[in-house]
Amino acid sequence: MNIDPQVLLIIILALIILGFIFEKTLSYINLKHGEKPVPEDLKDVFSEEQYQKSKEYRRTNYKFGWISGSFSLIVTVLFIGLGGFGELNSYLQSHFTFSPIVQGLVFFGILFIASDLISTPFSWYHTFVIEEKFGFNKTTQKTFWTDKIKGYLLGALLGGILLGALLFLLYQLGTDFWWIFWIVITVFIIFMNMFYTTLVMPLFNKFTPLEDGELRTSIENYSKKVNFPLTNIFVIDGSKRSTKANAFFSGFGKNKKVVLYDTLIENHSVEELTAVFAHEVGHFKKKHIIGSLILSILQTGLMLFIMKELIFLPELSQALGADSLSIHINLITFSLLYSPISAVLGIGMNIFSRKNEFEADHYAKTTYSGGPLVTALKKLSSDNLSNLTPHPFYVWLNYSHPPLIKRIKALNAS
Ligand SMILES: [Zn+2]
């Protein structure tokens, strides 16, 4: 293949800038669409005051998205345009005599820390100013910063192992790296799916078994009916960070778990919580976890397959300001060029996920009851100040869950 590095650079910058324009245009359209009158079925979700608050919340987040997004766009375009990646790489090469793998780990480590330093003030502001203002924030300064440190350590450990393995295979095997690394990453994805709630999440949240009482009895009765083993239902202290409520299903085999946030339990009736539990069991019974696991493994395979075609081309390094082939820089160039493909695959994943949500809702309705699920979903939308009238195209691209109105319609249909 013969590509002019200059042309490649222009393509990369154009992808970044067009992506930004596309995203901002779409979120503007969505913001405007969100101000439409609330549909009749959902009139009871918000009080008038709460509805005004939800509009204000969206407007604030929209503005914030503009500021943080523009800042990161400018920094990225400047850094790429001025050959920052090439500069950093040649600085490391001329000042340190590490092996290429260590060189690569240091290179990515510096970039990771730099990008985190840039984004931290924004996430701090989002948590302590915006979420605080709308009454969602429960995170203390201490939690915020210890999360950060834990995240760094975890990122260094897991990222270091995976990136080290990738670089090792690239240097040792050439283009054959792709299928061996695919096996490595597959093992990693399966491992993380099985142990995420046992090994990773407890670093950030406290897990407690659901205590005896009316709720446990109700869930036990339901579990017996649908033949779901109840050993693995947990409550986590979501209230440590936010008032926003949630529930999820994770893992498979002996490691499967239903996790309810304490914030969910606080605000919902026993019937509503059992309906939410039934929804999560639906994800298990309909094999959604395995389905999305297989899809993400296939996607990774596709990415690695395309990567092997590009990763050894010196033009990719030259486009980002290096003189000759650098595998580290090529990993960056590749990820930039791959971003449109991954965006398209992300849309596919969202379509799959929304279909799963309808199925899980339907499962909860047929095995338990639809009514309490409807009231639970309404309460959640109100408590989280959700957008009741998102733009359909925005939903199609970005939503992993169908909008409230669609879920209620499907649950109410016989
Ligand atoms: Zn769900």
Side-chain angles (χ1 to χ4, degrees), residues 42 45 192-194 196-197 201 205 207 210 215 218-219 222-223 225-226 228-230 232-236 238 242 244-252 255-265 267-296 346-384 386-388 390 395-413:
L42 300 182
V45 175
M192 279 312 264
N193 252 276
M194 286 172 76
Y196 184 69
T197 47
M201 277 196 76
N205 283 95
F207 281 69
L210 183 62
L215 176 61
S218 168
I219 285 180
Y222 171 77
S223 294
K225 190 181 143 198
V226 295
F228 180 82
L230 195 65
N232 294 325
I233 168 157
F234 288 91
V235 179
I236 63 164
S242 171
K244 288 182 180 170
N246 206 352
F248 65 89
F249 186 91
S250 137
F252 46 81
N255 284 294
K256 59 178 174 290
K257 268 183 195 158
V258 173
V259 178
L260 302 174
Y261 279 47
D262 56 353
T263 41
L264 185 81
I265 294 180
N267 286 335
H268 290 78
S269 70
V270 167
E271 262 203 309
E272 287 164 348
L273 290 165
T274 313
V276 170
F277 178 80
H279 169 100
E280 300 306 334
V281 172
H283 280 310
F284 168 72
K285 294 276 183 181
K286 299 281 170 190
K287 302 196 166 52
H288 296 155
I289 310 294
I290 303 283
S292 40
L293 190 70
I294 291 171
L295 282 180
S296 56
I347 298 170
M349 284 303 262
N350 278 337
I351 294 173
F352 178 71
S353 164
R354 290 195 301 268
K355 176 193 77 73
N356 292 347
E357 292 307 321
F358 281 128
E359 279 182 17
D361 281 351
H362 185 73
Y363 182 85
K365 182 187 167 176
T366 48
T367 59
Y368 185 66
S369 171
L373 189 56
V374 169
T375 54
L377 290 172
K378 281 184 175 177
K379 266 193 206 172
L380 280 170
S381 290
S382 169
D383 292 347
N384 296 348
S386 303
N387 185 355
L388 298 185
V395 171
W396 189 75
L397 287 176
N398 296 318
Y399 272 42
S400 64
H401 286 57
L404 180 65
I405 181 107
K406 293 239 166 139
R407 290 179 78 172
I408 292 180
K409 274 203 179 120
L411 279 165
N412 286 339

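Note that the coordinates shown come from a computational prediction; the quantities given were computed from them, not determined experimentally. Each residue takes its place number in the sequence, starting with 1. Order of listing sets the numbers, starting from 1, for every ligand and every atom in it.
Taking the salt bridge (Lys or Arg N to Asp or Glu O under 4.0 Å) definition, one finds that Lys244 meets it with Glu131, sequence neighbours left out. Partners of Glu359 under the side-chain hydrogen bond (donor to acceptor under 3.5 Å, both in side chains) rule, at least two apart in sequence or in another chain, are His288, Lys355.
Taking CG of Asn356 as the start and OG of Ser400 as the end, the distance is 10.5 Å to the nearest 0.5 Å. Put simply, CG on Leu293 and CD1 on Ile289 are 9.0 Å apart, with the number rounded to the nearest 0.5 Å. Phe358 contributes atom CZ, which lies 10.5 Å from atom OG of Ser353 (distance to the nearest 0.5 angstrom).
Taking a cut-off of 2.8 Å, the protein N, O or S atoms nearer than that to the Zn ion (ligand 1) are His279 NE2, His283 NE2, Glu357 OE1, Glu357 OE2.
Annotation: salt bridge (charged side-chain N to carboxylate O under 4.0 Å, His left out) contacts involving residues 272-285, sequence neighbours excluded, comprise Glu272-Lys379.
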